[in-house]
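Read the structure below first, then the notes.
Atoms considered below: every heavy atom in the structure, side chains included; atoms not considered: hydrogens, waters and symmetry mates.
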Amino acid sequence: MSPVRIVDISYVAVPAKAARPPEDVKLNAMEAQWLVLPLLQYILFFEGEQLPPFDTVVQSLRSSLKATLANFAPLAGKLVHLADTGDVAIRCSASSSDDGVRFVVAESEADVRRLAGDEEHDVQTFERLVPELDMTELPASLLAAQATRLEGGGVALGVTVHHAVADGRSLWRFVEAWAAACRRDTPPPMPPPCFDRLRVRLPGGEELARSVLRKYAPNLPVVTTPSILQEERLRFIRWTFTLDSNHIERLKRRIVRLGEAQGAPSCRPPSSFVAVAAQAWTCFVRCRSVPADEDVFLFFFADVRGRLDPPAGAEYFGACLSGCLATVPARELHGERALAAASAAVQGAIREMTEDPAGGWEFLRIPGAVPMDRLLNVSGSSSFRAYQAADFGWGRPRRTVPVRMNQDGQVELVRARDADGVQVTVSMLRRVHMDAFKAQFLDLLE
């Protein structure tokens, strides 16, 4: 671990002429659950000859962030508890000195080449390269950023967003807009982000959201994270693997061959997400001692913006996710055709979601329904353009990594730096499990 010293803290406000929501924006039921769950945090590492002096980087990031907030004004607000109605809402105002996005400037003796190059994460240093948001009591801020000068001429840009107001797709849309403003590019024509929570229509409307809050956050304005996620996260071991396009294609062909051997007629190649999830799930089960006749589980989220009736729209900015759960007996993931069995189970869960897109909206029921030591949680998506979206004018990040991973058996996916492969970050509590996972993961690529 390398120490990180904070040099400056300021607040980036919404431009005076920017449009703000005229009223508080109440969270819908789909988002209300995220109030008690961990933050969404990423680090972008930059280095190379294109990188300007650090002071110039900071100035460019601040000014472009302010410009970006003209279209993303609610992110500079706060989550508030409306005691009269029991709702939680986004309030965007300019009524206090700390209104705006907290922007932290820091420096560290950590070497950017090590942080951006090692497969194993320096977890404790990474945790200090992202800004914290206090989410234990409302009002709570929604967004914060941190720029850290690193040894070796590098910069770490840490971004933290409250998960109740943004999912991964929303986060990367914001980063893409911020990066374009920093490059001073003319943004491509696209609809502005939409923060209208009424775009997500669930039976019960606002009263359903209130019932979710009473169920999962009964002590508002105090917010308590579920005990299952309160384990000391600094104890987790995290590794990042990258599968290039050749790896992905070989994996897909292998799944097809195994499926045909099982008698599946005209088996079609799985998507990159399904193929990588199947591989990670197989490795997860094989690195643990699970009785052959016991079920094992894989959980993941589906973006349902375009699947709701009526659709929320691609421009919807929020957490618009439905949980999906795949299940197979452990023996199926130990056999020769494990990848095909895992792939079929994941595809089955996706089919269930397409038939009822909102059926998995209350995903917080899952931890109480399945044994967590037999569940792999896959978050993110192989379609997230984390590297391509984050070119602030200094080239693509050398590395992009998730920071907040809280489960013993969690996988985070983004599209790889080369834009063709998939980056896979894995979190485990015990090194023996991680070592076994790595061995299986590399073996299945052969």
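- The aromatic ring centroids of Phe297 and Trp281 lie 6.0 Å or more from each other.
- Contact of the Thr160 side chain with the Leu143 side chain is not registered, since no non-hydrogen atoms from C-beta on lie closer than 4.5 Å.
- Arg305 and Ser170 form a side-chain donor-acceptor contact under 3.5 Å, judged by distance and modelled atom types alone.
- In this view, Val155 and Leu51, Phe54, Val57 satisfy the side-chain contact (heavy atoms from CB on, under 4.5 Å) rule, not counting sequence neighbours.
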Under 3.5 Å donor-acceptor pairs involving side-chain atoms of residues 270-279, not counting sequence neighbours:
from	atom 1	to	atom 2	distance (Å)
Ser271	OG	Val274	N	3.1
Ser272	OG	Lys252	NZ	3.2
Gln279	NE2	Phe441	O	2.9

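- Nearest heavy-atom pair across Ser108 and Pro3 is OG-O, 3.0 Å.
- One finds the CZ atom of Arg399 at 7.0 Å from the CG atom of Asp118 (value rounded to the nearest 0.5 Å).
- Every residue meeting the ring-ring contact (aromatic ring centres under 6.0 Å, His included) condition with Phe363, not counting sequence neighbours, appears here in chain and number order: Trp34, Phe301.
- With values rounded to the nearest 0.5 angstrom, Leu75 atom CG is found 6.5 Å from Leu142 atom CG.
- Using modelled atom types and a 3.5 Å distance limit, the side chains of Arg62 and Ser10 yield a donor-acceptor pair.
- With contacts defined as side-chain heavy-atom distances shorter than 4.5 Å, the pair Val159/Trp178 qualifies.
- With hydrogens and angles ignored, the 3.5 Å screen pairs no side-chain donor or acceptor of Asp24 with any backbone N or O of Lys26.
- Applying side chain to side chain contact (heavy atoms under 4.5 Å, CB included) to Val296 and the options Val370, Leu375, Val290 leaves one that passes, Val290.
- From Asp408, atom CG reaches atom CG of Asp373 across 8.5 Å, with rounding to the nearest 0.5 Å.
- Ring to ring, Tyr42 and Trp172 are close: their centroids are under 6.0 angstrom apart.
- Taking a cutoff of 4.0 Å between a charged side-chain nitrogen and a carboxylate oxygen, Arg199 and Glu31 do not qualify as a salt bridge.
- Nearest heavy atom pair, residue Gln41 against residue Val130, reads NE2-CG2, 3.6 Å.
- The two residues Phe46 and Gly395 come nearest to each other via the heavy atoms CE2-O, 3.7 Å.
- For the 3.5 Å distance criterion, the side chains of Thr242 and Gln423 fail to qualify, holding no donor opposite an acceptor.
- From Ile90, atom CD1 reaches atom CG of Leu27 across 5.5 Å, with rounding to the nearest 0.5 Å.
- In this structure, Asp167 does not pair ionically with Arg169, as no charged nitrogen and carboxylate oxygen lie closer than 4.0 Å.
- Aromatic ring orientation, Phe241 versus Phe437: tilted (interplanar angle from 30° to 60°).
- No side-chain heavy atom of Leu198 sits less than 4.5 Å from a side-chain heavy atom of Asn28.
- By the 4.0 Å N-to-carboxylate-O rule, Arg396 lies too far from Asp391 to be salt-bridged with it.
- When side chains are defined from C-beta on, Arg430 does not count as touching Phe236, because their heavy atoms never get closer than 4.5 Å.
- Nearest heavy atoms, Val14 versus Lys66: O-NZ, 4.1 Å.
- The closest side-chain heavy-atom distance from Glu315 to Cys194 is below 4.5 Å.
- His162 places a side-chain heavy atom less than 4.5 Å from the side chain of Leu79.
- Nearest heavy atoms, Phe174 versus Thr68: CE1-CG2, 3.8 Å.
- Between atom OG of residue Ser427 and atom CZ of residue Arg235 there is a gap of 11.5 Å, rounded to the nearest 0.5 Å.
- A donor and an acceptor atom, one from each side chain of Gln146 and Thr148, are located under 3.5 Å apart.
- One side chain, Thr425 or Thr240, offers a donor N or O that lies under 3.5 Å from an acceptor on the other.
- Between Glu412 and Arg238 there is no salt bridge, since none of the side-chain N atoms of the basic residue sits less than 4.0 Å from a carboxylate O of the acidic one.
- The nearest pair of heavy atoms linking Glu120 to Arg431 is OE2-NH2, 2.6 Å.
- Expressed to the nearest 0.5 Å, how far NE2 of His81 lies from CG of Leu35 amounts to 9.5 Å.
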CA sep, side-chain torsions, deciding dist, call: Leu413, Val378, side chain to side chain contact (heavy atoms under 4.5 Å, CB included): CA-CA 8 Å; Leu413 306 180; Val378 178; 4.0 Å; yes

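- The shortest side-chain heavy-atom distance between Glu119 and Lys438 does not fall under the 4.5 Å cut-off.
- Note: Phe45 and Phe126 have tilted aromatic rings, judged against thresholds of 30 and 60 degrees for the angle between ring planes.
- Inter-residue side-chain proximity for Val346 and Ile350 is flagged as met; some heavy-atom pair is nearer than 4.5 Å.
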